[in-house]
Structure formats: structure tokens, C-alpha cells
2 protein chains.
Amino acid sequence: MTSVDEPARPNGRIRDAVRTQAEILDVATQEFARAGYDGARVDEIAARTRTTKRMIYYYFGGKEQLFTAVLERAYGVIREAEQGLDVEHLDPVAAIRKLAEVTFDHHEQHPDFIRLVSIENIHEAEHIAASEKLGKIGSPALDVISRILATGQESGLFTADVDAVDLHAMISSFCFFRVANRHTFGALFGRDLTDPDRREHYRAMLGDMVIAYLTAERTTD
Amino acid sequence: MTSVDEPARPNGRIRDAVRTQAEILDVATQEFARAGYDGARVDEIAARTRTTKRMIYYYFGGKEQLFTAVLERAYGVIREAEQGLDVEHLDPVAAIRKLAEVTFDHHEQHPDFIRLVSIENIHEAEHIAASEKLGKIGSPALDVISRILATGQESGLFTADVDAVDLHAMISSFCFFRVANRHTFGALFGRDLTDPDRREHYRAMLGDMVIAYLTAERTTD
DNA sequence: TCACTAATGTACGAACCAGTACGTTAGCTA
DNA sequence: TAGCTAACGTACTGGTTCGTACATTAGTGA
């Protein structure tokens, strides 16, 4: 994530605003994801960087703004991943399944991001609201879904009455829950939703679910 | 002039251990749900009861145990609701749809419970693990799902390869996400998942999704 | 090379907050 | 009715934690 172009430094302070900020963001992401907003300790973040607490306030202003910056970067990562989506050469069914699988994989590979989103929801998205970047970040995935959905619905293959936002919610629900709630679910029902042995099962389940929903014969009234 | 909602009592303190504990749990539930575990303030909980902080420690021992007690009661409520389920006189398709709708409604009606579950997952279910009650609480809903699923699969109506736990996860995902993540989802995509005007749409969407999944024609390889 | 500024480090303070020591009283029962 | 104990209140403490005042240095441009 951080570019590695720094050779060995002899001694004393090095000055590199970009690297210092990136390092603070890296560690802050871990700390906020680990402990939540109120559980996170600014001193702990500082201790785990090569700089001091002073610099966190110098660059970010405060704990709130630091958390906002962490969110901004985290959402930036998923947005980039979505921009790399390449499914529109497939037929609608295969395209949607692929998209669901990519979403599934992304959630699995970024549990810290999932935790940050949970935390931000506990705080009723106040940091997103306070962020200028995040307000208008948009979602490339939504555009992709829109186009696939249009193709599928035109051809009569997709019968469901959904738009891209709703379908995105459906897919995200399953992927998010599986990662975010695995602890309580595991403790209460004795099943680890993220057990690698069951990974393919759930991945297929998600795809089957979405496709079945989209292509089901409707008993219209 | 004090408002008298209790039967005539001379003056000063009243003594009622049961009521005091219940009141602490009520307020603590709100406070923990509002602010998360670390964000919640014991002093704030005490201030909003008719008793003092001393009694929280007297009855519950500490903040951790209080949170555990809050979780125990919250899970008790959902368990009771599940025991009231009466869907097994319906045919499998109608029964599953009804069950999904009941789950949907319960999530919508208990946003504080949803928040507590999110919070407990941030803490990796450590309080559930520490609770003797919650370890073996079981789930009446799971038994109901099992039986409906068996009926549906025997008759060949249900073709999907799922068990009760997986189906429960699928249904819960959607219901949970819609409530828990409504803030970030709304902020990012401009759609309020809990808008009353869209309530029926999502309720139907959930039922359609689950039934479509269970009854889809399988292209077995 | 000299001055200026961005970047950094140290030390500290003030508020907050979980938890407790100690004292008091209501209500029951012997 | 005396005495006992569960139930309650007050006032405080010790540690924690966000934030900052003040001091310092690296690098840059004139």
C-alpha cells in the first residue's frame, strides 16, 4: 500500500511528511478497527508509529478527523477495487454471479474495513457526513450493476423488480454479515461462517441466491 | 413537588431490589446501544436511573458484567419471540416466508438489539463467551426452520442444499444489514433502507429471495 | 551561508471516568 | 421493639487519556 522507496537512513530524524501521514493512517486503521472509536487510544497509535502523538494532531487535527481520514482511505480502497471490475463481457447471469463473488472475496479479505463500517454505523455515519470526500464518492459497482441489470431485464431473463442499489444491498448484506457477525453467530450457533472449509459453500450460496432471485418465475397477481 | 406515579410512600428512599435492577438494565441497554461499550458512561447510566452508581456495582459488579447482563436480557427477548412462532401449520413455502417476515419485523422493531449485537461483534463476542446463560441459550427458530426445511426437501419442493443454520444466516443477513448499516448505506448511496415507504418492498424482496433460492431449478452437474 | 518554515520531539495539564471506602436507613423478624 | 441485614447514598481517588505549550531541527530558497 505504501510505496517502498526509502533506503536505509543513517541516524537522526528523517523528514517525510507523506510517509509519516501514511504510517499514522496505517496504524490508526488497525487501532480503530481493533477497538472501535472510543476504545481506540491516540497514545497507542502514536506508540506504534515511528513518530509521536504530536504529529497526529499536527497532520490530522484530532481523533475525530483522524478517524474520518481512516474511513476516507478505506472507502478509497474499495472504490479502486470496484473500478477494476471486468464482468460486462459476460452474459448477465454470469456477470452478476461474478460480481457477487468479487464482493464476497473483497469482504473476506478486508475484515478491518468491515469493522470500520460497523463502527461508523454505531456513530450513525457522522464522520462520513463530516467528510467532503466521502459525500460524493459514488460507487463504480453501482454503475456496473445497473448496466447488467438493464441487459438482463430487457432480454426477459431477469424478472425481479429491483434496481442496482437494492441488488447491491442484497449482495452486501450476505457478505457483510458473514464477516461482521461471525463472532456472535459462532458463539450462539456453533458455526464459524468464515471457516475456510465452508468458504466455497457460502460463495456458491450467495451466487445461487442472487441468481435465483433475479430469474425466478414470478406468479404475478 | 414530586410527581407521584408510585403508590403513596411517605418520603425518602423506597427499597425494591428487583425494580432497581430492572431500571438499571433498561437505562444501560439504551446507553450501551447509543454509544458502544467504551463510549457508554457508567455515570450517565446512573444519572438516568432513580438510583446511584453505587448500586450498579452493588448488583452487577462492574461495567463488563453490566454489559453482559444487558446482552443476556436482550437475547432473552428475541428467544421469547421465537418461541411464539406459529408457522408449522402452513405449507413449507408459506411457512418460510412467514418466518422471514417475522424476522424482518423483529429486527426493525428492535434497533437497539441490533446495535448491541454489532457492538458485541466488535468485541469478538467476549461477553457472550463469559456468560453462562448465553452459551447454551439455543434458538427455537432454528428448530422450526429445521422441520420446515425437512418437509420441503422431502417433498422435492425445496431443492437447495442448505441446513437450518445457513438459512437462518441468510435471512438474518438481510434483516440485520438493513437496520445496522442504514446510516453508512444511506450516506453513501442516498437511499434510506428503513424508509417506511419502502418497507413492504424490502419485506417482499426478502421473502422472494429466500423462496427463489430454496425452490430454484438446479442445473446439477 | 543564512534565514525561514515545515516537520518533529518532550513534557505536561486538565478533564474525565471506572471503581471504592465509608456511612446511612428501610423494613423485616425474633 | 430491638436488632439485624439488604439496600441504598455521598464523596472521593487514582489512573487514564485527549490535547497542547514550548522547544528543536532538517531542509530549502534567496
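Chain A is the first sequence line, chain B the second, and so forth, proteins listed ahead of strands; every chain is numbered from 1.
Atom pair M55(A):CE and dT24(D):P shows a separation of 17 Å (rounding to whole Å applied). The distance between atom CZ of R50(B) and atom C1' of dA7(D), rounded to the nearest whole Å, is 15 Å. Atoms CD1 (I24(A)) and P (dA7(C)) sit 12 Å apart, rounded to a whole Å. Atom CG in D16(A) sits about 12 Å away from atom C1' in dG27(D), given to the nearest Å. The separation between I56(A) atom CD1 and dT17(D) atom P is 14 Å, rounded to whole Å. For I45(A) and dC18(D), the CD1 to C1' distance is 12 Å, given to the nearest whole Å. If you take CZ of F60(A) and P of dT20(D), they are 16 Å apart, rounded to a whole angstrom. As a whole-Å value, the separation of Y59(A) OH from dT8(C) C1' is 8 Å.
Among pairs with a residue in residues 111-120 of chain B, those fulfilling side chain to side chain donor-acceptor pair (under 3.5 Å) read E120(B)-H127(B), at least two apart in sequence or across chains.
Contact between the side-chain N/O atoms of T20(A) and the OP1/OP2 oxygens of dA7(C) is not found at any separation under 4.0 Å. Listed pair T51(B) / dG9(D) meets the phosphate criterion, a side-chain N or O lying under 4.0 Å from OP1 or OP2.
Residues satisfying the ring-ring contact (aromatic ring centres under 6.0 Å, His included) criterion with H168(A), sequence neighbours excluded, are F189(B). In terms of the salt bridge (Lys or Arg N to Asp or Glu O under 4.0 Å) criterion, D161(B) has no residue partners (sequence neighbours excluded). Taking the salt bridge (Lys or Arg N to Asp or Glu O under 4.0 Å) definition, one finds that E82(A) meets it with nothing, sequence neighbours left out. Applying the ring-ring contact (aromatic ring centres under 6.0 Å, His included) rule to F60(A) yields no partners; only residues at least two apart in sequence or on another chain are considered.
Between the side chain of R15(B) and the base of dG27(C), no donor-acceptor pair of N or O atoms lies under 3.5 Å.
Between F32(A) and Y37(A), the gap from one ring centroid to the other is short of 6.0 Å.
Residue Y58(B) is classed as a base contact, given a heavy-atom separation below 4.0 Å to a base.
Residue R97(B) holds its CZ atom at 13.5 Å from CD1 of I148(B), rounded to the nearest 0.5 Å.
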Listing time: all N or O pairs from protein to nucleotides 15-19 of chain C that are below 3.5 Å?
{"from": "dC17(C)", "atom 1": "OP1", "to": "R41(B)", "atom 2": "NE", "distance (Å)": "2.6"}
{"from": "dC17(C)", "atom 1": "O5'", "to": "R41(B)", "atom 2": "NE", "distance (Å)": "3.1"}
{"from": "dA18(C)", "atom 1": "OP1", "to": "A40(B)", "atom 2": "O", "distance (Å)": "3.3"}
{"from": "dA18(C)", "atom 1": "OP1", "to": "R41(B)", "atom 2": "NH1", "distance (Å)": "3.1"}
{"from": "dA18(C)", "atom 1": "OP1", "to": "K63(B)", "atom 2": "NZ", "distance (Å)": "3.3"}
{"from": "dA18(C)", "atom 1": "OP2", "to": "V42(B)", "atom 2": "N", "distance (Å)": "3.2"}
{"from": "dA18(C)", "atom 1": "N7", "to": "K53(B)", "atom 2": "NZ", "distance (Å)": "3.3"}
{"from": "dG19(C)", "atom 1": "OP2", "to": "Y57(B)", "atom 2": "OH", "distance (Å)": "3.1"}
{"from": "dG19(C)", "atom 1": "OP2", "to": "K63(B)", "atom 2": "N", "distance (Å)": "3.1"}
{"from": "dG19(C)", "atom 1": "N7", "to": "K53(B)", "atom 2": "NZ", "distance (Å)": "2.9"}
{"from": "dG19(C)", "atom 1": "O6", "to": "K53(B)", "atom 2": "NZ", "distance (Å)": "2.5"}

